[in-house]
A.B. asks: 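I have a structure here, written as structure tokens, and I will follow up with some questions on it.
For the single chain, residues carry numbers from 1 onward in sequence order. Atoms within each ligand, like the ligands themselves, are counted from 1 in listed order.
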Amino acid sequence: MKKKTLPRPHPVLIGLMGCGKSSIGRRLSKKLKMPLVDLDEVIVKLAGMSIPEIFARHGEAYFRELETEALSKKIGKKVILATGGGVVLREINRKLLKAHPPVIWLKAAPEFLANRIAGDSNRPLLANQDALQKLSTLAEERYPLYAECADLVIERDGIKKNEVVVEIINFLHKRLNT
Ligand code: S3P
């Protein structure tokens, strides 16, 4: 009898800037031999310019339009999806995320994130701002939205990237076997 192959779960990574969505996504991609799509890169291709340029020339609202377009294109594909930190802001995006589990929230405290991304010029939301203060405001606003979409929450603080990867892989295996 032909062995049935179960559909493999394709994780979507969410969380605030600096929580490691892209770098953990890359490690997962190697381990699972599954392609990684970084949503910010898709947006840059769609716009033909960098993220700071999109914000500077067209504003955040336009960036969010492109983000929804990119998410709609890529969600549900056989890839690991690393999203941008603000992907949960729009209800339409949250609906898309919830319809395509598993969604994994890499949860980290603003203090942890501020240390990692201090001085990063590629993040317009932090430009000319106190990073810790801004990240604290974003955390307050977005934590409930991440929680609404997440099937798994991983606390990033004090955990090495490799350990996060192992935790995600164990979770995916469990999902396959239940
Ligand atoms: C944003 C996060 C960024 C990028 C854009 C907006 C946000 O992605 O999408 O600068 O609103 O938090 P990362 O989370 O990958 O830094």
Side-chain angles (χ1 to χ4, degrees), residues 10-29 35-75 79-97 100 103-150 152-157 159 161 164-165 168:
H10 291 85
V12 181
L13 305 177
I14 61 170
L16 282 176
M17 300 177 240
C19 69
K21 291 163 297 201
S22 304
S23 55
I24 287 168
R26 277 193 294 275
R27 286 173 195 226
L28 264 181
S29 164
L36 169 73
V37 169
D38 191 314
L39 215 58
D40 280 347
E41 286 173 12
V42 179
I43 295 168
V44 166
K45 274 204 190 121
L46 281 174
M49 64 184 96
S50 72
I51 290 180
E53 269 181 300
I54 302 173
F55 272 75
R57 288 210 214 161
H58 303 286
E60 182 173 348
Y62 179 67
F63 173 83
R64 298 295 169 204
E65 288 292 333
L66 292 177
E67 190 171 46
T68 297
E69 190 183 332
L71 181 68
S72 314
K73 270 196 178 145
K74 298 297 177 186
I75 195 115
V79 298
I80 297 163
L81 196 56
T83 59
V87 78
V88 291
L89 290 173
R90 291 177 135 200
E91 193 185 356
I92 182 177
N93 296 357
R94 296 200 296 279
K95 277 196 181 145
L96 283 169
L97 291 168
H100 294 89
V103 175
I104 298 169
W105 174 18
L106 304 179
K107 185 178 183 188
E111 292 76 12
F112 172 91
L113 301 171
N115 285 335
R116 286 169 52 93
I117 54 182
D120 184 337
S121 60
N122 209 29
R123 291 185 161 106
L125 288 182
L126 297 182
N128 312 315
Q129 303 248 16
D130 178 289
L132 181 56
Q133 209 169 31
K134 179 67 183 178
L135 284 161
S136 304
T137 308
L138 292 178
E140 212 169 295
E141 178 190 17
R142 295 178 182 178
Y143 271 16
L145 305 177
Y146 295 133
E148 181 189 322
C149 299
L152 172 70
V153 183
I154 299 182
E155 301 276 350
R156 270 301 270 115
D157 310 57
I159 300 189
K161 283 183 184 164
V164 176
V165 170
I168 294 175

A.B. asks: For R123, take its heavy atoms, then give the atoms of ligand 1 lying under 4.0 Å from any of them.
C.D. replies: 16 (O)

A.B. asks: Give a yes or no answer on whether the side chain of R156 reaches the backbone of L106 with a donor-acceptor pair at less than 3.5 Å.
C.D. replies: no

A.B. asks: Without swapping roles, check the side chain of R26 against the backbone of S29 for a donor-acceptor pair under 3.5 Å.
C.D. replies: no

A.B. asks: Distance to 0.1 Å, residue and atom name: give those for the protein heavy atom nearest to atom 5 (C) of ligand 1.
C.D. replies: F63 CZ, 3.7 Å

A.B. asks: Under 4.0 Å, counting heavy atoms only: does R64 come that close to any atom of ligand 1?
C.D. replies: yes

A.B. asks: Which residue supplies the protein heavy atom nearest to atom 2 (C) of ligand 1, what is that atom called, and how far is it?
C.D. replies: G85 N, 3.4 Å

A.B. asks: Within a distance under 4.0 Å of any heavy atom of G84, pick out the atoms of ligand 1 and give their elements.
C.D. replies: 8 (O), 9 (O), 14 (O)

A.B. asks: Evaluate D40 for polar contact with ligand 1, using N/O atom pairs at a separation under 3.5 Å.
C.D. replies: yes

A.B. asks: Where's the contact between I43 and ligand 1, heavy-atom distance under 4.0 Å: side chain, backbone, both or neither?
C.D. replies: neither

A.B. asks: Is there a donor-acceptor pair under 3.5 Å between the side chain of K74 and the backbone N or O of L39?
C.D. replies: no

A.B. asks: Going by the order shown, which atoms of ligand 1 are within less than 4.0 Å of some heavy atom of P124?
C.D. replies: 10 (O)

A.B. asks: Which ligand 1 atoms, with their elements, are less than 4.0 angstrom from a heavy-atom of G86?
C.D. replies: 7 (C), 11 (O), 12 (O)

A.B. asks: Is there a donor-acceptor pair closer than 3.5 Å between any side-chain N or O of Y146 and the backbone N or O of G85?
C.D. replies: yes

A.B. asks: Of all the heavy-atom pairs spanning P52 and S121, show the shortest one and how long it is.
C.D. replies: CG-O, 3.9 Å

A.B. asks: Heavy-atom contacts with K21 under 4.0 Å: which atoms of ligand 1 show up? List them by number with element.
C.D. replies: 13 (P), 14 (O), 15 (O)

A.B. asks: Under a 4.0 Å threshold between the charged nitrogen and the carboxylate oxygen, would R64 count as salt-bridged to E60?
C.D. replies: yes

A.B. asks: Which is it for E41 and ligand 1 at heavy atoms under 4.0 Å: side chain, backbone, both or neither?
C.D. replies: neither

A.B. asks: Examine distances only and state if a side-chain atom of N93 and a backbone atom of V87 form a donor-acceptor pair shorter than 3.5 Å.
C.D. replies: yes

A.B. asks: Rounded to the nearest 0.5 Å, how far does CD1 of I43 lie from NZ of K73?
C.D. replies: 11.0 Å

A.B. asks: Is the W105 ring parallel, tilted or perpendicular to the Y143 ring (thresholds 30°, 60°)?
C.D. replies: perpendicular

A.B. asks: Any heavy atom of R142 closer to ligand 1 than 4.0 angstrom?
C.D. replies: yes

A.B. asks: Below 4.0 Å, non-hydrogen atoms only: which portion of L138 touches ligand 1? Side chain, backbone, both or neither.
C.D. replies: neither

A.B. asks: Within ligand 1, which atoms have a heavy atom of I51 less than 4.0 Å away?
C.D. replies: 10 (O)

